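Worksheet: one structure, shown below.
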Amino acid sequence: MIRLLDTLTNEPQELPPPPYDVKLYVCGITPYAGSHIGHAVPVVVFDVLRRYLEYRGYTVRHVTNFTDIDDKLIDRALQQGTTVKALADQFSAQYLASLKRLNALEATVYPRATEEIGGIVMVIAGLVEKGFAYESGGDVYYRVRQKADYGKLSKRNIDDLLSGARIDPTELKDDPLDFALWKGTKPGEPSWPSPWGPGRPGWHIECSAMALGHLGEQIDIHGGGADLIFPHHENEIAQSEAFTGKAPFARIWMHNALLRLGAEKMSKSVGNIIGLDEVLDSHGADAVRLFILGSQYRSPVTYTEEALEAAKVGAERLREAAMATARGTGGGAVAPIDAEQVRAEFTAAMDDDLNTSKALAVLFELARGVNRARDEGQNFRPARALLRELGGVLGLTFAAPPAASQEATPFVELLVQLRTELRAAKQWALADRVRDGLTELGIELKDSPEGTTWRRT
RNA sequence: GGCGCCAUGGCCAAGUGGUAAGGCAGAGCUCUGCAAAAGCUCCACCGCCGGUUCGAAUCCGACUGGCGCCUCCA
């Protein structure tokens, strides 16, 4: 039984047994800038969740949104002399391309706020009608004090929030804590018609409307980064449950810890970001996944070059085993690896709130089993197949790490060929000079009965 | 100030009552013409103090150190 820790109740929750169609909503991004390595965390975590659910027999309806209209986009577009749409399209496409490189499964739907205005307006209108929201000067605000349970997700008390000095009281709001569902248009901003005049949606409402529209009034899992717990998800619960009159809005709330860089979290506002594509270029998808999955998703991971490098070497180790080929015939007895036992260990780890760290330990031990079986001339293919199967659940590609440059390839191959001939002639000293020279240039050679292979290090 | 989290070997990281998974790095050995890869072996008593218990990294309390949210943020 899969148990996932729910942020709201702070207790493990379970899903109905399969066959069951899991309704999963994962908060996406506001596409106003390029992605950094921190964005890869929820992507990988929820991709693994999805792959694991499917592995266990569930079907998953997965929705991830793009909030393609908001203050940052408007500011950035103005600043760059472009349109909000052009900017949002550019970074949305870039984000999706990065997801693909990360080997993340595509969501069932990627709704965009600007294409869901009708649904958003409908939800806002419903909230106004029920007295949970009010129009004021062309804006519409959600009345936070209307429902007593506001703050339940983030464990906040309304009056404690009030004492926080950083809340900016707006004269248009009845209460300083009320938040905007709809913002009346200002000159030069994109706007859409509404019963309250032209304007655009506020930040939180689009997710409620999209979850409602694409998944229904009550969903199974709602996920995102821990930084979204307040105010975003708190407000989403409030709106959604007020609108539908049904609770819980989500059966399970899952939040991944934020990636840190040195002492601080990695964040655009702090400015300490490392581009996602750059890391993918230099280390490859499996290394990024191993880096992220090396710790449980609720524990914060700290980005360091050393940790990424360690993950890269580890990925290479798994790849070597997953791609292992026989030495000699490899036709001996089947390796004594109990596939059911290994699967059981892997599954037990994953069932326990996605303990990917422990699941990876199972994979590494399995990799050792594959290698040992091969070294001993046993039939290691079933074990190798199992490694590929379980690695696939974690979204590993087992692909060769990226090569920095292809230009040198013909020259390297010429040298490798030359060395092969020298070795055939037992010209060891000369052969070694070639290999040592290549090693210094970052080319590692590997001799085997089938010939010499090489790779960049 | 409010809410919450964390502290395990050189680095990363599992483990929440019965005596420390795994990865990276390091040492030795095997294999290899030499290497690489791989295999084998070795490498921790769990921030500090006190308490509960037959027994604690694991429960309780205090302390120290670090972090997150409360404001846009994955």
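In this text the structure is predicted, and so the values were computed from the model without any measurement. Here is how names work: the chains are called A, B, and so on, in the same order as the sequence lines, proteins then strands, and each is numbered from 1.
Atom CG in A:Asn235 sits roughly 11 Å away from atom P in B:U71 (whole-Å rounding). Counting to the nearest Å, the P atom of B:A74 and the CZ atom of A:Arg298 are 22 Å from each other. Between the P atom of B:G66 and the CG atom of A:Leu258 lies a distance of 20 Å, rounded to the nearest Å. In this structure, A:Asp47 places its CG atom 19 Å from P of B:A74, rounding to the nearest Å. Distance, A:Tyr297 OH to B:C12 P: 23 Å, rounded to whole Å. In this structure, A:Ile292 atom CD1 and B:C24 atom C1' are separated by 17 Å, rounded to whole Å. Regarding A:Tyr303, its OH atom lies at a distance of 21 Å from the C1' atom of B:G68, rounded to whole Å. Rounding to whole angstrom units, CG of residue A:Asp70 and C1' of B:A74 are separated by 14 Å.
When heavy atoms are screened at a 4.0 angstrom cut-off, A:Ser448 is found touching no nucleic acid atom at all. Within 4.0 Å (heavy atoms only), A:Gln296 reaches sugar-phosphate atoms of the nucleic acid but no base atom. In this structure, A:Leu363 reaches neither bases nor backbone, as no heavy-atom distance under 4.0 Å exists between it and the strands shown. Within the nucleic acid shown, A:Ile229 has no heavy atom closer than 4.0 Å to any nucleic acid atom. A:Pro231 comes within 4.0 angstrom of no nucleic acid atom, judged by non-hydrogen atoms across all strands. Note on A:Ser357: a base of the nucleic acid sits closer than 4.0 angstrom, heavy atoms only. Contact annotation for A:Ala361: base contact, defined as any heavy-atom pair under 4.0 Å involving a base atom.
If you run ring-ring contact (aromatic ring centres under 6.0 Å, His included) between A:His232 and each of A:His204, A:His222, A:His255, only A:His204 comes through. In summary, of the residues considered (A:Asn256, A:Leu290, A:Leu102), a side-chain contact (heavy atoms from CB on, under 4.5 Å) with A:Val44 occurs for A:Leu102 alone. Among A:Asn103, A:Asp47, A:Thr356, the single residue meeting the side-chain hydrogen bond (donor to acceptor under 3.5 Å, both in side chains) criterion with A:Arg289 is A:Asp47.
Applying the side chain to side chain donor-acceptor pair (under 3.5 Å) rule to pairs touching residues 360-377 of chain A yields A:Arg327-A:Asp375, sequence neighbours excluded. Residue pairs meeting the side chain to side chain donor-acceptor pair (under 3.5 Å) criterion with at least one partner in residues 382-393 of chain A, sequence neighbours excluded, are A:Tyr55-A:Glu389, A:Arg343-A:Glu389.
Residue A:Thr356 places no side-chain N or O under 4.0 Å from the OP1 or OP2 atom of B:A14. Phosphate proximity of B:G15 to A:Asn355: present, with a side-chain N or O under 4.0 Å from OP1 or OP2.
Rounded to the nearest 0.5 angstrom, A:Thr64 OG1 and A:Tyr25 OH are separated by 7.5 Å. Here the straight-line distance linking atom CG of A:Leu386 with atom CG of A:Asp338 works out to 9.5 Å at 0.5 Å rounding.
Remark: A:Ser154, A:Lys155, A:Arg156 in residues 148-156 of chain A come within less than 4.0 Å of RNA chain B through at least one heavy atom.
Under 4.0 Å is where a charged nitrogen must lie from a carboxylate oxygen, and between A:Lys183 and A:Glu189 no such pair does. In this structure, A:Arg145 pairs ionically with A:Asp175, as a charged nitrogen and a carboxylate oxygen lie closer than 4.0 Å. A salt bridge links A:Asp220 to A:Lys23: at least one charged side-chain nitrogen sits closer than 4.0 Å to a carboxylate oxygen.
Of the candidates B:A14, B:C24, B:G22, B:G22 carries the atom nearest the A:Phe364 side chain, counting heavy atoms from C-beta on. Checked against B:A14, B:C70, B:G15, the side chain of A:Phe230 finds its nearest nucleotide in B:C70.
In terms of polar N and O atoms assigned as donor or acceptor, the side chain of A:Thr439 never comes within less than 3.5 Å of the base of B:A35 in a complementary pairing.
When the P atom is compared between B:C29 and B:C67, the two are found 44 Å apart, to the nearest whole Å. Rounded to a whole angstrom, the distance from the C1' atom of B:A56 to that of B:A20 is 13 Å. The gap from the C1' atom of B:G65 to that of B:G47 amounts to 8 Å, rounded to the nearest Å. Distance noted for atom P between B:C49 and B:U8: 16 Å (whole Å). Rounded to whole Å, the separation between the C1' atoms of B:C54 and B:C70 comes to 47 Å. Rounded to whole Å, the P atom of B:C69 lies 41 Å from the corresponding atom of B:C43. Taking the C1' atom of each, B:G33 and B:G9 are spaced 39 Å apart, rounded to whole Å. Nucleotides B:G28 and B:G68, compared at atom C1', are 45 Å apart to the nearest Å.
Base pairing of B:G61: its partner is B:C49, meeting the Watson-Crick or G-U wobble criterion (both donor-acceptor distances under 3.5 Å). B:C54: Watson-Crick or G-U partner is B:G18, with both key distances under 3.5 Å. Across all strands shown, B:C67 forms a Watson-Crick or G-U wobble pair, both distances under 3.5 Å, with B:G4. With a cut-off of 3.5 Å on both pairing distances, the Watson-Crick or G-U wobble partner of B:C40 is B:G28.
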Atom pairs under 3.5 Å: protein N/O with N/O of nucleotides 56-60 of chain B:
none

Distances for protein N/O vs nucleotides 39-41 of chain B N/O pairs under 3.5 angstrom?
{"from": "B:G39", "atom 1": "OP1", "to": "A:Asn371", "atom 2": "ND2", "distance (Å)": "3.4"}
{"from": "B:G39", "atom 1": "OP2", "to": "A:Arg317", "atom 2": "NH1", "distance (Å)": "3.4"}
{"from": "B:G39", "atom 1": "O4'", "to": "A:Asp375", "atom 2": "OD2", "distance (Å)": "3.3"}
{"from": "B:C40", "atom 1": "OP1", "to": "A:Arg372", "atom 2": "NE", "distance (Å)": "3.1"}
{"from": "B:C40", "atom 1": "OP1", "to": "A:Arg372", "atom 2": "NH2", "distance (Å)": "2.3"}

Query raised in the report: Going 5' to 3' along nucleotides 25-34 of chain B, which nucleotides have protein heavy atoms under 4.0 Å from the base (write B), which only from the sugar-phosphate (write S), and which from neither (write -)?
Result: --------BB

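Take the nearest nucleotide of RNA chain B for A:Ile29 and for A:Lys446: the residue whose nucleotide is more 5' is A:Lys446. Nearest-nucleotide positions on RNA chain B for A:Ala257 and A:Glu365 put A:Glu365 closer to the 5' end.
For A:Arg433, the CZ atom counts as loosely surrounded, since its 6.0 Å shell holds 12 or fewer non-hydrogen atoms of other residues, nucleotides or ligands.
A:Asp178 places no side-chain N or O within 3.5 Å of a backbone atom of A:Lys173 that could act as its donor or acceptor partner. In this structure, A:Ser282 contributes its side chain and A:Val279 its backbone to a donor-acceptor pair below 3.5 Å.
In plain terms, the two heavy atoms of A:Ala321 and A:Val370 that are nearest each other are O-CG1, 3.6 Å. Taking every heavy atom of both residues into account, A:Phe46 and A:Met254 meet most closely at CZ-O, 3.6 Å. The shortest non-hydrogen separation linking A:Phe230 to A:Arg156 is CB-NH1, 3.3 Å.
A:Gln417 and A:Glu413 share no side-chain donor-acceptor pair at under 3.5 Å.
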